Amino acid sequence: MTVLGPSVSEAASAELAGTVRHVLRLDADLSGFYEAAAGDPDLSWVTAGAGRMIQSPTVFEDVVKTVCTTNCAWSATKRMVDAIVGHLGEPAAGAVDGEPFGRAFPTAEAMAEAGESFYRDVARAGYRGAYFVSLARSVAEGEVDLESFARATPDELPDEELEDRLLALPGVGPYAAAHIMMTIGRYHRLILDSWTRPTYAKLAGRKSASDAAILRRFRRYGPYAGLAFWLFVTRDWVD
DNA sequence: CGTCCAGGTCTAC
DNA sequence: GGTAGACCTGGACGC
(Lines give C-alpha, C1' and ligand atoms only; values in the text may rest on other atoms or scores of the structure.)
Protein backbone atom coordinates (compact mmCIF):
# COMPACT_ATOMS: atom_id res chain seq x y z
CA MET A 1 0.00 0.00 0.00
CA THR A 2 1.33 3.39 -0.97
CA VAL A 3 0.91 5.83 1.85
CA LEU A 4 3.80 8.23 1.37
CA GLY A 5 3.58 8.87 -2.36
CA PRO A 6 2.32 11.99 -4.12
CA SER A 7 -1.28 10.79 -3.90
CA VAL A 8 -3.27 8.23 -1.95
CA SER A 9 -6.15 6.26 -3.45
CA GLU A 10 -9.48 6.15 -1.64
CA ALA A 11 -9.11 2.45 -0.92
CA ALA A 12 -5.59 2.88 0.43
CA SER A 13 -6.76 5.78 2.53
CA ALA A 14 -9.56 3.71 4.06
CA GLU A 15 -7.21 0.81 4.71
CA LEU A 16 -4.72 3.13 6.36
CA ALA A 17 -7.40 4.66 8.58
CA GLY A 18 -8.41 1.18 9.69
CA THR A 19 -4.82 0.27 10.48
CA VAL A 20 -4.39 3.44 12.52
CA ARG A 21 -7.55 2.68 14.49
CA HIS A 22 -6.19 -0.79 15.16
CA VAL A 23 -2.66 0.27 16.11
CA LEU A 24 -3.90 3.01 18.43
CA ARG A 25 -6.63 0.71 19.75
CA LEU A 26 -9.23 3.44 19.30
CA ASP A 27 -12.15 1.00 19.55
CA ALA A 28 -11.12 -0.50 22.88
CA ASP A 29 -13.61 -0.21 25.72
CA LEU A 30 -11.67 0.14 28.94
CA SER A 31 -14.59 1.26 31.10
CA GLY A 32 -14.41 -1.92 33.19
CA PHE A 33 -10.77 -1.22 33.94
CA TYR A 34 -11.43 2.41 34.83
CA GLU A 35 -14.20 1.34 37.17
CA ALA A 36 -11.74 -0.80 39.12
CA ALA A 37 -8.97 1.82 39.00
CA ALA A 38 -11.14 4.67 40.26
CA GLY A 39 -11.00 3.27 43.79
CA ASP A 40 -7.23 2.76 43.76
CA PRO A 41 -5.32 5.93 44.78
CA ASP A 42 -2.20 4.67 42.99
CA LEU A 43 -4.01 4.20 39.70
CA SER A 44 -7.02 6.50 39.67
CA TRP A 45 -5.04 8.76 37.33
CA VAL A 46 -5.54 6.25 34.51
CA THR A 47 -9.27 7.02 34.35
CA ALA A 48 -8.36 10.21 32.48
CA GLY A 49 -7.97 7.89 29.49
CA ALA A 50 -4.74 5.93 29.85
CA GLY A 51 -4.26 2.29 28.93
CA ARG A 52 -4.59 2.13 25.15
CA MET A 53 -1.59 -0.07 24.56
CA ILE A 54 -0.24 0.49 21.08
CA GLN A 55 -0.15 -2.66 18.99
CA SER A 56 1.42 -3.70 15.72
CA PRO A 57 -0.72 -4.12 12.60
CA THR A 58 -0.21 -7.87 12.87
CA VAL A 59 0.25 -10.31 15.74
CA PHE A 60 3.21 -11.76 13.85
CA GLU A 61 5.00 -8.42 14.12
CA ASP A 62 4.36 -8.21 17.85
CA VAL A 63 5.61 -11.76 18.39
CA VAL A 64 8.84 -11.14 16.49
CA LYS A 65 9.46 -7.82 18.24
CA THR A 66 8.74 -9.32 21.64
CA VAL A 67 11.22 -12.14 21.06
CA CYS A 68 13.70 -9.40 20.16
CA THR A 69 13.30 -7.99 23.67
CA THR A 70 14.24 -11.21 25.44
CA ASN A 71 17.54 -11.69 27.22
CA CYS A 72 19.24 -8.60 25.83
CA ALA A 73 19.53 -4.87 26.32
CA TRP A 74 16.99 -2.53 24.73
CA SER A 75 19.69 -1.27 22.35
CA ALA A 76 20.07 -4.80 20.99
CA THR A 77 16.31 -5.09 20.56
CA LYS A 78 16.26 -1.97 18.42
CA ARG A 79 19.28 -3.11 16.41
CA MET A 80 17.67 -6.48 15.59
CA VAL A 81 14.31 -4.97 14.66
CA ASP A 82 15.99 -2.28 12.54
CA ALA A 83 17.89 -4.94 10.61
CA ILE A 84 14.83 -7.13 10.08
CA VAL A 85 12.71 -4.23 8.84
CA GLY A 86 15.51 -2.55 6.89
CA HIS A 87 16.60 -5.64 4.97
CA LEU A 88 13.44 -7.72 4.68
CA GLY A 89 10.62 -5.17 4.76
CA GLU A 90 8.92 -3.95 1.62
CA PRO A 91 9.90 -0.34 0.86
CA ALA A 92 7.00 2.11 1.01
CA ALA A 93 6.70 3.83 -2.35
CA GLY A 94 7.73 7.45 -2.13
CA ALA A 95 9.64 6.94 1.07
CA VAL A 96 13.28 7.81 1.36
CA ASP A 97 15.04 4.60 2.24
CA GLY A 98 16.74 4.54 5.60
CA GLU A 99 14.28 6.98 7.08
CA PRO A 100 11.83 5.98 9.81
CA PHE A 101 8.64 4.46 8.41
CA GLY A 102 10.38 3.94 5.07
CA ARG A 103 9.61 0.25 5.14
CA ALA A 104 6.80 -1.93 6.39
CA PHE A 105 7.50 -4.80 8.77
CA PRO A 106 8.32 -7.89 6.69
CA THR A 107 5.80 -10.62 6.05
CA ALA A 108 6.25 -14.09 7.49
CA GLU A 109 7.07 -15.26 3.96
CA ALA A 110 9.90 -12.73 3.63
CA MET A 111 11.23 -13.62 7.06
CA ALA A 112 11.09 -17.34 6.28
CA GLU A 113 12.95 -16.90 3.00
CA ALA A 114 15.75 -14.94 4.67
CA GLY A 115 17.29 -18.05 6.22
CA GLU A 116 19.45 -18.44 9.29
CA SER A 117 22.51 -16.75 7.79
CA PHE A 118 20.68 -13.43 7.63
CA TYR A 119 19.67 -13.57 11.28
CA ARG A 120 23.15 -14.64 12.34
CA ASP A 121 25.38 -12.47 10.13
CA VAL A 122 23.25 -9.41 9.40
CA ALA A 123 20.66 -9.03 12.16
CA ARG A 124 23.15 -10.51 14.65
CA ALA A 125 20.26 -12.05 16.52
CA GLY A 126 22.32 -14.92 17.92
CA TYR A 127 20.37 -17.97 18.97
CA ARG A 128 17.08 -16.17 18.19
CA GLY A 129 17.71 -16.73 14.48
CA ALA A 130 16.52 -20.32 14.64
CA TYR A 131 13.37 -19.15 16.41
CA PHE A 132 12.60 -16.58 13.71
CA VAL A 133 13.09 -19.06 10.88
CA SER A 134 10.92 -21.65 12.59
CA LEU A 135 8.21 -19.15 13.54
CA ALA A 136 8.12 -17.44 10.15
CA ARG A 137 8.00 -20.77 8.35
CA SER A 138 5.08 -22.14 10.34
CA VAL A 139 3.15 -18.89 9.92
CA ALA A 140 3.92 -18.65 6.21
CA GLU A 141 2.84 -22.26 5.67
CA GLY A 142 -0.40 -21.66 7.51
CA GLU A 143 0.47 -24.15 10.19
CA VAL A 144 0.01 -21.45 12.83
CA ASP A 145 -2.58 -18.66 12.52
CA LEU A 146 -1.33 -15.94 14.83
CA GLU A 147 -3.78 -13.34 13.55
CA SER A 148 -6.71 -15.48 14.69
CA PHE A 149 -5.44 -15.03 18.26
CA ALA A 150 -6.30 -11.33 18.10
CA ARG A 151 -9.72 -11.90 16.53
CA ALA A 152 -10.87 -14.58 18.96
CA THR A 153 -13.01 -13.55 21.90
CA PRO A 154 -12.18 -14.83 25.39
CA ASP A 155 -15.15 -17.17 25.03
CA GLU A 156 -13.76 -18.68 21.85
CA LEU A 157 -10.18 -18.73 23.09
CA PRO A 158 -9.80 -18.45 26.88
CA ASP A 159 -6.70 -16.79 28.34
CA GLU A 160 -5.27 -20.13 29.48
CA GLU A 161 -5.55 -21.65 26.03
CA LEU A 162 -4.22 -18.54 24.31
CA GLU A 163 -1.27 -18.51 26.67
CA ASP A 164 -0.57 -22.19 25.94
CA ARG A 165 -0.63 -21.50 22.20
CA LEU A 166 1.81 -18.62 22.62
CA LEU A 167 4.10 -20.64 24.91
CA ALA A 168 4.26 -23.27 22.17
CA LEU A 169 5.92 -20.74 19.83
CA PRO A 170 9.73 -20.86 19.60
CA GLY A 171 11.39 -18.30 21.87
CA VAL A 172 8.17 -17.46 23.69
CA GLY A 173 8.14 -18.07 27.43
CA PRO A 174 6.04 -16.65 30.28
CA TYR A 175 7.36 -13.10 29.90
CA ALA A 176 6.88 -12.98 26.12
CA ALA A 177 3.45 -14.62 26.30
CA ALA A 178 2.27 -12.01 28.81
CA HIS A 179 3.69 -9.23 26.63
CA ILE A 180 2.05 -10.52 23.46
CA MET A 181 -1.27 -11.03 25.23
CA MET A 182 -1.18 -7.41 26.38
CA THR A 183 -0.64 -6.24 22.82
CA ILE A 184 -3.69 -8.13 21.59
CA GLY A 185 -5.99 -6.91 24.32
CA ARG A 186 -5.76 -9.71 26.87
CA TYR A 187 -4.83 -7.78 29.98
CA HIS A 188 -4.84 -10.46 32.66
CA ARG A 189 -1.22 -11.66 32.68
CA LEU A 190 1.45 -9.50 34.33
CA ILE A 191 4.61 -8.73 32.36
CA LEU A 192 7.21 -9.76 34.92
CA ASP A 193 10.81 -9.23 33.87
CA SER A 194 14.13 -7.79 34.98
CA TRP A 195 12.85 -4.26 34.44
CA THR A 196 9.28 -4.36 35.77
CA ARG A 197 10.14 -6.26 38.96
CA PRO A 198 12.64 -3.76 40.42
CA THR A 199 10.64 -0.85 39.04
CA TYR A 200 7.56 -2.05 40.91
CA ALA A 201 9.51 -2.55 44.13
CA LYS A 202 10.97 0.95 43.90
CA LEU A 203 7.62 2.62 43.22
CA ALA A 204 5.96 0.60 45.98
CA GLY A 205 8.65 1.76 48.39
CA ARG A 206 10.06 -1.71 49.06
CA LYS A 207 13.51 -3.21 48.82
CA SER A 208 12.11 -6.09 46.84
CA ALA A 209 8.80 -7.74 46.06
CA SER A 210 8.09 -11.38 45.28
CA ASP A 211 6.08 -12.23 42.19
CA ALA A 212 3.40 -13.61 44.49
CA ALA A 213 3.18 -10.29 46.32
CA ILE A 214 2.91 -8.39 43.05
CA LEU A 215 0.18 -10.72 41.82
CA ARG A 216 -1.72 -10.19 45.06
CA ARG A 217 -1.44 -6.41 44.72
CA PHE A 218 -3.14 -6.46 41.32
CA ARG A 219 -5.49 -9.39 41.86
CA ARG A 220 -8.36 -6.96 42.46
CA TYR A 221 -8.21 -5.95 38.79
CA GLY A 222 -9.23 -9.40 37.59
CA PRO A 223 -8.92 -9.53 33.78
CA TYR A 224 -7.20 -6.13 33.82
CA ALA A 225 -4.47 -7.07 36.33
CA GLY A 226 -1.71 -6.98 33.73
CA LEU A 227 -2.79 -3.60 32.40
CA ALA A 228 -2.97 -2.18 35.92
CA PHE A 229 0.52 -3.47 36.68
CA TRP A 230 1.92 -2.13 33.42
CA LEU A 231 0.48 1.35 33.97
CA PHE A 232 1.70 1.29 37.57
CA VAL A 233 5.31 0.73 36.49
CA THR A 234 5.20 3.04 33.46
CA ARG A 235 3.36 5.94 35.03
CA ASP A 236 6.28 8.32 34.52
CA TRP A 237 6.20 7.58 30.78
CA VAL A 238 2.84 9.29 30.63
CA ASP A 239 3.19 12.34 32.82
C1' DC B 1 41.14 -7.85 28.51
C1' DG B 2 37.88 -10.85 31.33
C1' DT B 3 33.42 -10.85 33.55
C1' DC B 4 28.81 -9.61 33.93
C1' DC B 5 24.30 -9.06 32.30
C1' DA B 6 20.31 -6.82 29.86
C1' DG B 7 12.74 -6.05 29.34
C1' DG B 8 14.35 -14.92 29.12
C1' DT B 9 13.91 -19.40 27.13
C1' DC B 10 15.07 -24.18 26.48
C1' DT B 11 16.73 -28.50 27.85
C1' DA B 12 17.89 -31.91 31.02
C1' DC B 13 17.60 -33.67 35.17
C1' DG C 1 6.46 -29.23 38.81
C1' DG C 2 10.57 -27.05 39.97
C1' DT C 3 15.45 -25.87 39.20
C1' DA C 4 20.61 -25.52 37.36
C1' DG C 5 23.34 -24.42 32.90
C1' DA C 6 23.84 -23.04 28.47
C1' DC C 7 22.90 -19.62 25.20
C1' DC C 8 24.17 -15.04 20.94
C1' DT C 9 25.31 -10.27 21.39
C1' DG C 10 27.49 -6.00 22.69
C1' DG C 11 27.86 -2.38 26.04
C1' DA C 12 29.31 -1.51 30.90
C1' DC C 13 32.24 -2.27 34.28
C1' DG C 14 36.52 -3.80 37.13
C1' DC C 15 41.30 -4.93 36.92
Side-chain angles (χ1 to χ4, degrees), chain A residues 50-51 53-56 59-88 105 111 114-139 143-144 146 149 159-204 206-215 217-218 225-238:
Chain A
M53 304 288 296
I54 195 167
Q55 67 185 318
S56 297
V59 177
F60 175 68
E61 180 174 340
D62 275 327
V63 171
V64 171
K65 284 177 172 174
T66 299
V67 170
C68 285
T69 67
T70 58
N71 196 28
C72 65
W74 188 248
S75 57
T77 297
K78 289 193 288 185
R79 178 177 48 70
M80 288 185 272
V81 172
D82 280 350
I84 289 170
V85 174
H87 287 87
L88 306 179
F105 194 84
M111 281 193 65
E116 294 209 24
S117 59
F118 166 79
Y119 298 101
R120 183 184 60 238
D121 304 330
V122 182
R124 314 229 17 106
Y127 62 84
R128 298 173 197 76
Y131 298 158
F132 294 139
V133 171
S134 170
L135 173 74
R137 210 167 267 167
S138 53
V139 170
E143 184 189 329
V144 175
L146 295 180
F149 295 173
D159 284 349
E160 292 68 26
E161 196 179 328
L162 172 56
E163 184 175 40
D164 285 344
R165 301 266 195 98
L166 291 172
L167 291 174
L169 301 174
V172 175
Y175 150 79
H179 192 281
I180 295 162
M181 287 176 76
M182 284 278 283
T183 69
I184 60 182
R186 299 297 189 99
Y187 307 115
H188 184 259
R189 302 294 193 269
L190 276 63
I191 299 174
L192 293 163
D193 59 36
S194 64
W195 182 78
T196 60
R197 286 187 177 100
T199 298
Y200 171 79
K202 186 181 175 187
L203 292 173
R206 303 168 192 281
K207 258 185 286 193
S208 67
S210 68
D211 287 358
I214 299 175
L215 290 172
R217 166 66 179 86
F218 295 95
L227 185 58
F229 176 61
W230 184 251
L231 292 175
F232 186 93
V233 296
T234 62
R235 178 174 186 172
D236 68 345
W237 293 10
V238 179

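Every chain is numbered from 1, with letters handed out A, B, ... down the list of sequences. The model shown is predicted, which means the values in this text are computed figures rather than measured ones.
- By the 30° and 60° cut-offs, the orientation of the rings of H179(A) relative to W230(A) is perpendicular.
- Between R124(A) and dT9(C) there is a side-chain N or O to OP1 or OP2 distance below 4.0 Å.
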Take nucleotides 7-13 of chain B nucleotide by nucleotide from the 5' end and write B, S or -, depending on whether a protein heavy atom sits under 4.0 Å from the base, only from the sugar-phosphate, or from neither.
BBSS---
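- Using bins of under 30°, 30° to 60° and over 60° for the plane-to-plane angle, the ring pair F218(A)/Y200(A) lands in the perpendicular bin.
- The separation of dC15(C) from dC5(B), taken at their P atoms, amounts to 14 Å, rounded to a whole angstrom.
- At distances below 3.5 Å, at least one donor-acceptor pair connects side-chain atoms of D62(A) with backbone N or O atoms of S56(A).
- Residues V63(A) and T66(A) form no side-chain contact, since every pair of their non-hydrogen atoms from C-beta on lies 4.5 Å or further apart.
- As rounded to the nearest Å, dG7(B) and dA4(C) have C1' atoms that lie 22 Å from one another.
- Residues satisfying the side-chain contact (heavy atoms from CB on, under 4.5 Å) test with D159(A), not counting sequence neighbours, are M181(A), R186(A), H188(A), R189(A).
- Judged by distance alone, with hydrogens and angles left aside, the side-chain atoms of S138(A) form no donor-acceptor pair with the main-chain N or O of V144(A) at under 3.5 Å.
- Remark: the separation of the P atoms in dC8(C) and dA12(B) is 15 Å, to the nearest Å.
- At whole-Å resolution of the value, CZ in F132(A) and P in dT9(C) are 13 Å apart.
- Side chain of S134(A) to backbone of Y131(A): no donor-acceptor contact under 3.5 angstrom is found.
- Among the protein residues, R128(A) comes within range of the nucleic acid bases, having at least one heavy atom under 4.0 Å from a base atom.
- Between F105(A) and F60(A), the ring-plane angle classifies as perpendicular under the 30° and 60° cut-offs.
- In DNA chain B, runs of at least 3 stacked Watson-Crick or G-U pairs (N1-N3 plus N6-O4 or O6-N4, or N1-O2 plus O6-N3, all under 3.5 Å) give these stems: B:1-6 with C:9-14, B:8-13 with C:2-7.
- Looking only at distances, no side-chain donor or acceptor of R120(A) sits under 3.5 Å from a matching main-chain atom of G126(A).
- dT9(C) atom P lies 11 Å from atom CE of M80(A), rounded to whole Å.
- As rounded to whole Å, 18 Å separates atom P of dC8(C) from atom CZ of F118(A).
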